[in-house]
Amino acid sequence: MLFGFSLLWAVQASMETASRIAAVPIVALLSLVVALRRRAPERMLLLTLLLGVAQLVSDVEVNPADWAMLVIVHTVAASDGPRWASRVALGGGLAAAPLAQLRWPPPDSGPVLASVFFVIVMALPFALAWVLGDSLRTRRAYFAELEKRAARLEKEREAQSKVAVAAERARIARELHDVVAHNVSVMVVQADGAAYVLDASPAQARQALETISTTGRQALAEMRRLLGVLRTGEPQEGGEYVPQPDVEQIEDLVEQVRTAGLTVDFKVEGTPRPLPSGVELTAYRIVQEALTNARKHGGPDVGASVRLVYFDDGLGLLVEDDGRGATHDLYEDGGADGQGHGLIGMRERVGMVGGTLDAGPRPGGGFRISALLPLKPAH
């Protein structure tokens with residue numbers, strides 16, 4: 001369309017024959033500049049400058065195709081190309097109006113101030129086109145940088161999460177290792193006792209053998225979990241293995257937290273009974289982590305409640321607080337002993353025993369952690 005209007009102008013314009021002939025390729029190439037400005041903005045800018053010089057030399061007056069000069073100034077300023085092109089576009093655009101005024105002065109130029117004002121008015125669109133284009137380029141670069149930063153932060157967060165999971169698994173492995181070692185120690189003691197009383201008291205020996213059988217099955221279940229946890233690169237730790245915390249010590253934990261200033265309501269529902277060591281350890285660590293985060297993030301005068309529910313096929317845990325709730329940043333915080341990783345560690349522990357975990361803000365404010373730990377080991 002631009003080429004059609006420009007060609008019609010070239011046919012009807014009152015110019016010399018040589019200028020009319022030169023106007024045809026000039027307007028055609030200026031139309032080509034508009035068509036290809038996005039594919040090769042720098043090349044089209046240089047072509048526009050050459051066409052402008054050719055227009056001045058061949059006496060082709062200002063025509064509709066010169067609109068391409070305004071378009072290319074905006075395109076080059078908005079592109080992500082080299083900055084020299086943007087500066088050249090601005091300089092060429094600002095020089096176009098004065099050069100046109102000198103080459104084709106109006107018949108009645110009038111006062112000098114009027115001519116200067118006319119030149120400024122004609123140069124203003126080029127300046128505005130460049131400013132708009134440069135602002136668009138700056139805004140686009142700003143958003144691109146924000147996207148890169150968000151992507152980088154997401155990668156860093158994923159990396160930190162993987163490191164947290166690996167560290168928590170290593171910690172769980174050490175604890176399960178101690179649990180298995182303790183169970184094996186119990187089996188050895190019971191076996192020695194059974195051998196000692198085998199002839200004198202067969203019933204007592206039979207009871208010891210039953211204890212060995214139960215403890216052995218429990219140790220096998222814990223060993224399966226232990227084998228599923230990576231423990232590579234861990235330094236060898238000396239010292240004797242000691243039993244890990246169990247469900248009975250949760251009440252002592254609650255008392256410690258109360259002494260630290262946190263009001264805790266503790267209740268046990270159902271009939272308590274012996275549980276697998278891994279389940280007891282997981283239950284203790286979940287309560288410990290939840291109460292620690294309630295004390296650290298719940299705000300002043302926060303209160304909490306702990307419920308242990310014994311079901312036929314599992315152990316239920318419910319830990320709630322009435323603090324700030326959603327502001328708990330459990331994903332980033334360390335664990336109760338400064339080595340865990342909040343909800344990441346909780347989910348890892350619950351997953352080790354084949355249980356489920358639900359954590360989030362309470363509808364009425366505060367935070368809630370609910371877990372169901374099966375009593376049968378997950379295969």
Side-chain angles (χ1 to χ4, degrees), residues 1-10 13-15 19 22-147:
M1 181 179 293
L2 178 62
F3 177 70
F5 281 119
S6 302
L7 187 60
L8 180 62
W9 170 87
S14 57
M15 294 186 297
S19 299
V24 175
I26 290 177
V27 297
L29 290 175
L30 285 174
S31 301
L32 183 64
V33 167
V34 176
L36 302 180
R37 70 187 187 279
R38 298 188 185 278
R39 295 185 180 181
E42 290 82 17
R43 295 180 181 179
M44 293 301 103
L45 173 63
L46 296 178
L47 177 59
T48 302
L49 295 176
L50 292 176
L51 293 175
V53 174
Q55 189 173 347
L56 292 173
V57 173
S58 59
D59 196 19
V60 178
E61 298 179 359
V62 179
N63 59 82
D66 289 333
W67 180 72
M69 299 180 181
L70 186 66
V71 173
I72 194 63
V73 168
H74 176 272
T75 302
V76 172
S79 68
D80 297 327
R83 296 301 295 163
W84 65 262
S86 178
R87 297 187 183 97
V88 170
L90 177 61
L94 295 179
L99 292 176
Q101 182 75 3
L102 293 175
R103 184 65 176 86
W104 302 286
D108 185 11
S109 57
V112 177
L113 291 178
S115 300
V116 173
F117 178 76
F118 178 77
V119 170
I120 293 175
V121 171
M122 294 302 295
L124 187 60
F126 290 95
L128 291 177
W130 185 89
V131 170
L132 292 176
D134 190 70
S135 300
L136 181 61
R137 182 197 62 81
T138 303
R139 185 178 181 85
R140 187 166 56 244
Y142 173 73
F143 282 113
E145 182 63 26
L146 288 181
E147 292 178 358

My understanding is that only residues two or more places apart in sequence, or in another chain, count here; which of them pass side-chain hydrogen bond (donor to acceptor under 3.5 Å, both in side chains) with Ser58?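 Result, side-chain hydrogen bond (donor to acceptor under 3.5 Å, both in side chains) vs Ser58: none returned.
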ask   = What pairs meet the salt bridge (Lys or Arg N to Asp or Glu O under 4.0 Å) rule with one or both residues in residues 120-145, with sequence neighbours excluded?
value =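 Found Asp80-Arg140, Arg83-Asp134, Asp134-Arg137.
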Kindly state each residue pair satisfying salt bridge (Lys or Arg N to Asp or Glu O under 4.0 Å) with at least one member in residues 27-37, sequence neighbours excluded.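 Listed by first then second residue: nothing to list.
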Worksheet item: Can you tell if the side chain of Asp59 reaches within under 4.5 Å of the side chain of Arg103, non-hydrogen atoms only?
Response: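 Asp59 vs Arg103: side chains touch.
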inquiry  = When you compare the side chain of Val88 with that of Leu49, does any pair of heavy atoms fall below 4.5 Å?
reply    =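 They are in contact (side-chain heavy atoms under 4.5 Å apart), so the answer is yes.
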Would you list the pairs meeting side-chain hydrogen bond (donor to acceptor under 3.5 Å, both in side chains) in which at least one residue belongs to residues 39-49, sequence neighbours left out?
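side-chain hydrogen bond (donor to acceptor under 3.5 Å, both in side chains) check on residues 39-49 returns no pairs.
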Self-check item: The single option from Val57, Leu56, Leu51 passing side-chain contact (heavy atoms from CB on, under 4.5 Å) against Val53
Solution: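 Answer to the side-chain contact (heavy atoms from CB on, under 4.5 Å) test with Val53 among Val57, Leu56, Leu51: Val57.
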_If I compare all heavy atoms of Leu32 with all of Met44, which pair ends up nearest, and what's the gap?_
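Here Leu32 and Met44 meet closest at O-SD, 4.2 Å.
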For the student: nearest non-hydrogen atoms of Val76 and Pro41, plus distance =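 Closest approach of Val76 to Pro41: CG2-O, 3.6 Å.
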Please tabulate, for side-chain N and O atoms in residues 116-131, each donor-acceptor pair with protein atoms closer than 3.5 Å (sequence neighbours left out).
unit_1	atom_1	unit_2	atom_2	d
Trp130	NE1	Ser86	O	3.0
Trp130	NE1	Ser86	OG	2.8

- Got a second to check how far Trp67's CH2 is from Ser31's OG, nearest 0.5 Å?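 Rounded to the nearest 0.5 Å, the CH2-OG separation comes to 10.0 Å.
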- Query: Could you state the interatomic distance from CG (Leu45) to CD1 (Ile72), rounded to the nearest 0.5 Å?
  - Reply: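 Leu45 atom CG to Ile72 atom CD1 measures 6.0 Å (nearest 0.5 Å).
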